[in-house]
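Encoded as structure tokens, the structure appears first; notes follow it.
Note on naming: letters A, B, ... go to the chains in the order of the sequence lines (proteins, then strands), and numbering restarts at 1 for each one. Note that these values count all heavy atoms, side chains included, but never hydrogens, waters or copies made by symmetry.
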Protein chains: 2
Amino acid sequence: MKDVAARAGVSLGTVSNVLNRPELVSERNRMRVLSAIDALGFVRNEPARQLRGGGSRTLAYVVLDTANPFFTDVATGIEEAAHAAGLALYLCNSGEDGVRESFYLDLLEQQRVEGVLITPVGNDLAVVSRLAARGTPVVLVDHGGGPERCSVTVDDVLGGSLAATHLLETGHERIAFVGGPPSIRQVADRIEGAKQAIARAGTEPLTVLETAALNVAEGRRAGERIAGLPTSRRPTAAFCANDLLAVGLLQQMVRLGLRVPDDLAIVGYDDIVYAEAAAVPLTSVSQPRHLLGRTAAELLLEESRGTAEHVHRQVVFDPELVVRASTNLRTRS
Amino acid sequence: MKDVAARAGVSLGTVSNVLNRPELVSERNRMRVLSAIDALGFVRNEPARQLRGGGSRTLAYVVLDTANPFFTDVATGIEEAAHAAGLALYLCNSGEDGVRESFYLDLLEQQRVEGVLITPVGNDLAVVSRLAARGTPVVLVDHGGGPERCSVTVDDVLGGSLAATHLLETGHERIAFVGGPPSIRQVADRIEGAKQAIARAGTEPLTVLETAALNVAEGRRAGERIAGLPTSRRPTAAFCANDLLAVGLLQQMVRLGLRVPDDLAIVGYDDIVYAEAAAVPLTSVSQPRHLLGRTAAELLLEESRGTAEHVHRQVVFDPELVVRASTNLRTRS
DNA sequence: GAACGTCCTTGAAACGTTTCATCAGCTGGC
DNA sequence: GCCAGCTGATGAAACGTTTCAAGGACGTTC
């Protein structure tokens, strides 16, 4: 910047004014400074700027798993809102690793970002609380955090209930839940919702087929277990904790010669793009991913800009059921 | 930091030494400083640190599209290498938007990151060149950029050739390519490779079914077109520019009552996790995504740390064919 | 007991901005 | 011709670190 000032024949302060309050500078000097900047290829030094001025104009989202399409859609929603407010968004991938998560949180705090959005790895929010206590605004995404924190979630109990209700209405009385481990809050809530709906209907209680993880391979394994049951005890419908499981389950059914939805109806969760693209398009519980992200970003902006007393809010969205061929007998070819 | 020094009863310099060269400080003072840091909840101010010291210990990857599993896998590879070198990785999503891309590049340059990895939006590398010319190390990912730049790519001509050769070897003589627009370098190269293989075999020339984009919906549309052809002119095999197209094509075939691979064999590209999970598991050309990312990060580190004369390298990986049921008659149920 | 090392600690300078009080030069009014 | 008021430019201070030359305390050696 010193060089720019020298080349334009003005003082340091004037260059700074051109950059920050151009209306205070005369036309002539503004031009000279701008052309000097251009000629020298000058690039503002953001760290120095921040040191003096404050704001970093940057938000960060610590993602649980970038490989999961659900989270990347949420991230897109966040970015949209951030961009509208003139802020940049950095994505950090914790990869479900608590150590990496806190590594990134430390870094972001040191970097003095304007605020942090996070889908935390576990249920222990100690690191997050520390961050917030020291003054960095934090919003939890797809994870509740009590009244002293902003959060945005989707009602998983309702989602479970929607799925089970739909299966009951299409005539199923023997329903299995496929998913796990139940220590994941989302899984537990979805089971709970399904159980409630079934209790209301008064039919046979929900069977839970626990899986070790929420991926395609586990879905296939669950498919083997279901197919191995005697017809009399085999469920006529399966509600999967997410679409990856549902896809695996569907694939295994086809392989073993069982028909979907005739022999087994399937409901997934998340409504990822591949759910519709499956050979038998999957009925799935859809979450407003985009809106989830956008709302989270807006809460964060509100918290970070709100001068003094900001009221923490916990926003809960409702999921929706998307019915497709995997449960709908009439649309079968 | 001043407060910490005061509370510990030492000078500023000593606090800094505890943080950066603890071996120079006496046991007693080190303890006092550390406990003062703890008590005060002191967090290093990274911008100030950078202003004085230099390095930002941060890399960034400007991703073309975070919703595409291919790129998130590449990102995972990058992160692994960055982490091993003690650096953090920020992900920025250009979302195939040139304006956003250059917004992020500017920001990263101002932020003085150690280096930038990028999968550029278009073929115009002007912004990238400017960045590099000013001294920020840049590595292109999945995009070639001439000898004056480091880049990491996969040989798409070879990939196209592998796919076509496999189809020829399994007895197909009427092969269609599904994909587009051909202005995308990857698409053009894959067509080129397939054409070469077919020319070598001397069979009927490749038909190209151009699509407007590389997604599932376009795949379904292509499926309609293929199914609509009279049997005598209908291809017996389709090579799709990526797996999303292949998934859509497969789905449409099933819907319209055509069998895969009997009536139409299908080969996809990218080998995304959903390729294996399709109801008829897809044969696909697999790219070493993880390795691609790791190598790119290593090149960047080499360039950013290499003191003076760094030789730009263009690394090209070979793709591999993964054969599954969508082309392999023998494994059909 | 003086001279010399070793080991720690210190204070000041520097990094590249922004901000702010001050000042120079003009214009216009009387 | 003088002064008030205004516009625009200026230089210095400040932001929170790191680094480095210099100095202090203490122990060892002759």
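Contact between B:R44 and B:R49 at its shortest, heavy atoms only, is NH2-NH2, 3.0 Å. Summarising the geometry of B:V152 relative to B:A296, their closest heavy-atom pair is CG2-CA, 3.6 Å, with the distance given to 0.1 Å. Annotation for A:R305 and A:A85: closest pair NH2-O, 3.6 Å, computed over non-hydrogen atoms. Here the closest heavy-atom approach between residue B:L299 and residue B:H310 is recorded as O-CE1, 4.3 Å.
Nucleotides of DNA chain D with any atom under 4.0 Å from a heavy atom of chain A span, from 5' to 3', D:dG8 to D:dG16.
Taking a 6.0 Å sphere around CZ of B:R313, one finds it holds 12 or fewer heavy atoms contributed by other residues, nucleotides or ligands. Atom CZ of A:R100 is surrounded by more than 12 heavy atoms from other residues, nucleotides or ligands within 6.0 Å.
Checking the phosphate oxygens (OP1, OP2) of C:dT10, a side-chain nitrogen or oxygen of B:T14 falls inside 4.0 Å.
Using a 4.0 Å cut-off between a side-chain N of Lys or Arg and a carboxylate O of Asp or Glu, B:E46 and A:R112 do not qualify as a salt bridge.
Taking atom CD of A:Q50 as the reference point, atom P of C:dT19 lies 13 Å away to the nearest angstrom. The distance from atom CG of B:N20 to atom P of C:dT9 is 15 Å, rounded to the nearest whole Å.
Residues B:R52 and B:G13 both approach DNA chain C. Their nearest nucleotides, taken by heavy-atom distance, put B:G13 toward the 5′ side. Summary of the strand contacts: A:A48 and A:N17 both lie near DNA chain D, and taking for each the nucleotide with the nearest heavy atom, the more 5' one is attributed to A:N17.
Exactly one of B:L64, B:V74, B:I118 qualifies for a side chain to side chain contact (heavy atoms under 4.5 Å, CB included) with B:V141. That residue is B:V74.
Residues of residues 22-42 of chain A that place a heavy atom closer than 4.0 Å to DNA chain C, in numerical order, are A:F42.
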